[in-house]
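Report on one structure; see the data block that follows.
These figures come from a predicted structure and were not determined experimentally. Letters A, B, ... mirror the listed sequences (proteins, then strands); counts begin at 1.
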Amino acid sequence: MSSAPRFRFAPSPTGFFHVGGARTALYNWALAKRLGGTFVLRIEDTDEARNQPEWTQGIIDALAWIGVRQDDPTFQGPYFQSQYAEAHVEAAQRLFAEGKAYYCDLTSEQIQERSKTNGKQGYDGYSRDRGLEAGPGRVLRFRVPEGQTIVNDLVRGRVEFANETIEDFVLLRGNGSPMFLLANVVDDITMRVSHVVRAEEHLPNTPKQQMIWDALGQTPPVWAHVPVLVNEQRKKLSKRRDKVALEQFRDEGYLPEAMINYLMTLGWAPQGETEIVPWSTIERDFKLEDVNHSPAFFDLKKLAAFNGEYIRAMSTDEFFEAAQPFLVGENIPWTPAQFDEAKFRAMAPLAQTRLVLMTELPMLVDFLFLDEPLIDEDSWNKTFGSTDGVEMLNDAIAALSTGLDWNHDSLKLCIEATGAARGLKLGKAQAPIRVAVTGRTIGPPLFEALELMGEEQVMKRLRAAAERLASA
RNA sequence: GCCCCCAUCGUCUAGUGGCCUAGGACACCACCCUUUCAAGGUGGCGGCACGGGUUCGAAUCCCGUUGGGGGUGCCA
């Protein structure tokens with residue numbers, strides 16, 4: 001094969017972008033990039049009942065999010081399978097003319113009936129030699145030849161299929177429209193696809209498709225079937241019961257770099273001791289021959305760990321930029337007018353190490369912008385359920401009202417001393433202040449936050465908490 | 001049922017006949033650090049599914065068993 005390889009990714013637009021599809025796309029993309037080839041995007045929209053045009057943009061956007069960008073010269077498409085229907089039918093007719101396919105008028109009920117009586121599973125080739133012409137309700141079936149079909153797969157090796165185990169499958173439906181097996185092959189031929197890299201669930205289709213390639217007088221492509229992604233029950237990830245929409249991960253605050261890196265490690269591992277590697281390394285080292293053979297569990301916990309790593313690895317400026325989309329919107333407790341960019345910028349580095357998802361960011365900094373903290377009742381009850389907590393708060397108010405320098409060092413010393421007077425360590429002593437000011441027992445470093453908020457705001461909140469306790 | 005694929009810690013993997021007393025990562029546990037929570041550091045737990053071969057030597061090669069998975073549509 002002397003010319004540059006042509007890879008393809010051929011999703012059907014069914015609503016959202018599946019993480020399994022994302023990984024397959026990434027594999028194809030990495031290879032196309034490294035080998036100086038082409039990545040063809042083809043939308044398989046022939047199942048009219050299930051397709052919606054707007055899903056196509058969703059696919060393009062999702063691909064762009066994981067770095068498979070339409071404006072990259074490696075990228076070609078999208079093509080739409082529905083627009084090649086004529087070529088599919090033409091190819092089918094050629095096969096019919098050459099006796100490599102034949103028409104059959106049996107309904108699926110009749111086929112079932114026959115298999116019951118003759119004991120054979122599936123279609124038995126009933127119409128093979130009946131010499132039927134095309135007609136309404138008649139399907140065109142491929143005449144599976146004798147012998148065996150050998151699929152040479154880059155990740156599986158040599159896979160043999162006895163042709164007698166493959167029934168004469170349908171090429172054209174009764175209404176004349178092409179089926180997936182045919183359309184897929186004809187398009188691959190048309191688009192000069194040289195490498196078909198797809199999920200393992202397609203392996204049983206491969207001998208059939210290879211026979212179509214052969215029958216059409218074409219050299220089959222290089223096949224590679226990569227393991228499927230599974231859930232905790234070891235079943236193929238399904239949209240019904242599993243969380244698989246790439247868009248959802250994006251919206252929940254997963255970084256694309258983390259998602260890309262994680263997806264690539266499912267079935268493959270970069271050299272060396274670390275799995276966290278930049279795309280450039282992946283692109284340079286990824287090979288199909290190194291892909292694992294067994295299904296991989298899509299582990300949310302590990303994905304989350306990757307995401308945390310990637311968040312922490314950002315520079316302060318990068319983090320600030322990445323945070324922007326997560327600081328506005330309907331789930332944000334503060335109004336745009338309340339937001340204070342300077343305060344956020346000061347707090348951002350302290351929040352950065354405390355995040356797994358970007359969507360967790362607001363609850364770490366919301367108290368900076370709100371007029372009053374959002375009180376978490378559990379935190380409140382836990383902290384002020386004891387007299388220690390209540391008295392510590394009152395002591396702190398007194399101690400902080402003595403005109404100390406309002407910076408985190410002296411604030412810390414002050415609270416430390418106040419707590420010590422009551423026999424409390426700093427960890428215990430700071431809790432009532434934290435809850436009164438931020439509303440929660442956990443959050444970013446307290447004294448830095450107090451400094452940032454300013455004396456007036458802090459004292460106001462401490463007194464408000466004391467009043468609430470007094471009136472309770 | 002039939003066809004096909006797969007099998008290393010709980011999970012993702014490294015390993016391509018001797019460097020393996022099986023390495024790393026996630027998760028989990030303990031300790032350290034500590035301003036809560038994280039992060040970070042140190043250590044720990046834990047695996048070659050089983051049985052036969054081949055070989056001086058097997059996680060690695062072969063066969064079988066068992067166990068998982070995928071496919072079996074006039075879906076893609």
Less than 4.0 Å between a side-chain N and a carboxylate O, is that true for A/Arg156 and A/Glu200?
yes

Regarding A/Asp187 and A/Arg8, does a basic nitrogen lie under 4.0 Å from an acidic carboxylate oxygen?
no

What is the nucleic acid contact for [X], judged by heavy atoms within less than 4.0 Å: base, sugar-phosphate only, or nothing?
X        : answer
A/His202 : base
A/Arg434 : base
A/Pro445 : base
A/Gly272 : nothing
A/Ala269 : sugar-phosphate
A/Pro444 : base
A/Phe297 : sugar-phosphate
A/Arg141 : sugar-phosphate
A/Leu266 : sugar-phosphate
A/Ile111 : nothing
A/Asn205 : base
A/Glu232 : nothing
A/Thr441 : base
A/Val170 : sugar-phosphate

Quick check for you: among [options], whose closest atom lies nearest to any side-chain atom of [X]?
X        : options            : answer
A/Arg173 : B/C3, B/G69, B/C74 : B/C74
A/Val228 : B/C12, B/C4, B/G69 : B/G69
A/Arg156 : B/C6, B/A76, B/G71 : B/C6
A/Ser12  : B/U8, B/A76, B/U36 : B/A76
A/Val139 : B/U8, B/G70, B/C74 : B/C74

Distance, [atom1] atom - from [M] to [N], rounded to whole angstrom:
N     : M     : atom1 : value
B/U13 : B/U8  : P     : 9 Å
B/G44 : B/G23 : P     : 11 Å
B/C29 : B/G46 : P     : 16 Å
B/G53 : B/A27 : C1'   : 39 Å
B/G67 : B/G51 : P     : 16 Å
B/G68 : B/A49 : C1'   : 11 Å
B/A14 : B/G69 : C1'   : 23 Å
B/C61 : B/G71 : P     : 27 Å

Expressed as a whole number of angstroms, how long is the span from [X]:[atom1] to [N]:[atom2]?
X        : N     : atom1 : atom2 : result
A/Glu275 : B/A14 : CD    : C1'   : 10 Å
A/Gln209 : B/U72 : CD    : P     : 12 Å
A/Met179 : B/G73 : CE    : C1'   : 6 Å
A/Glu200 : B/G70 : CD    : P     : 9 Å
A/Tyr310 : B/A25 : OH    : C1'   : 13 Å
A/Leu171 : B/C74 : CG    : P     : 12 Å
A/His293 : B/C12 : NE2   : C1'   : 16 Å
A/Met392 : B/U36 : CE    : P     : 14 Å

Residue whose closest nucleotide on RNA chain B lies nearer the 5' end, A/Pro295 versus A/Lys428:
A/Pro295

Heavy atoms of other groups near A/Glu377 CD, more than 12 under 6.0 Å
yes

[X]-[Y] aromatic ring centre distance below 6.0 Å:
X        : Y        : value
A/Phe306 : A/Phe249 : no
A/Tyr310 : A/Tyr254 : no
A/Tyr27  : A/His195 : no

Between A/Asp214 and A/Lys100, does a salt bridge (charged side-chain N to carboxylate O under 4.0 Å, His left out) hold up when you go through it step by step?
CA-CA 11 Å; A/Asp214 287 339; A/Lys100 293 169 179 167; over 6 Å; no

Go through the structure and list residues passing side-chain contact (heavy atoms from CB on, under 4.5 Å) with A/Gln112, not counting sequence neighbours.
none

Assess whether one donor atom and one acceptor atom, taken from the side chain of [X] and the base of [N], lie less than 3.5 Å apart.
X        : N     : result
A/Arg354 : B/U36 : yes
A/Glu416 : B/U35 : no
A/Lys302 : B/A27 : no
A/Lys301 : B/C26 : no

Identified salt bridge (charged side-chain N to carboxylate O under 4.0 Å, His left out) counterpart of A/Asp168 within the set A/Arg141, A/Arg143, A/Arg128
A/Arg128

Watson-Crick or G-U wobble mate for [N], both contacts under 3.5 Å:
N     : answer
B/C45 : none
B/G18 : B/C56
B/A7  : B/U66

Under 4.0 Å from OP1 or OP2 of [N]: is there any side-chain N or O of [X] that close?
X        : N     : answer
A/Lys236 : B/G69 : no
A/Lys412 : B/U35 : yes
A/Arg234 : B/C6  : no

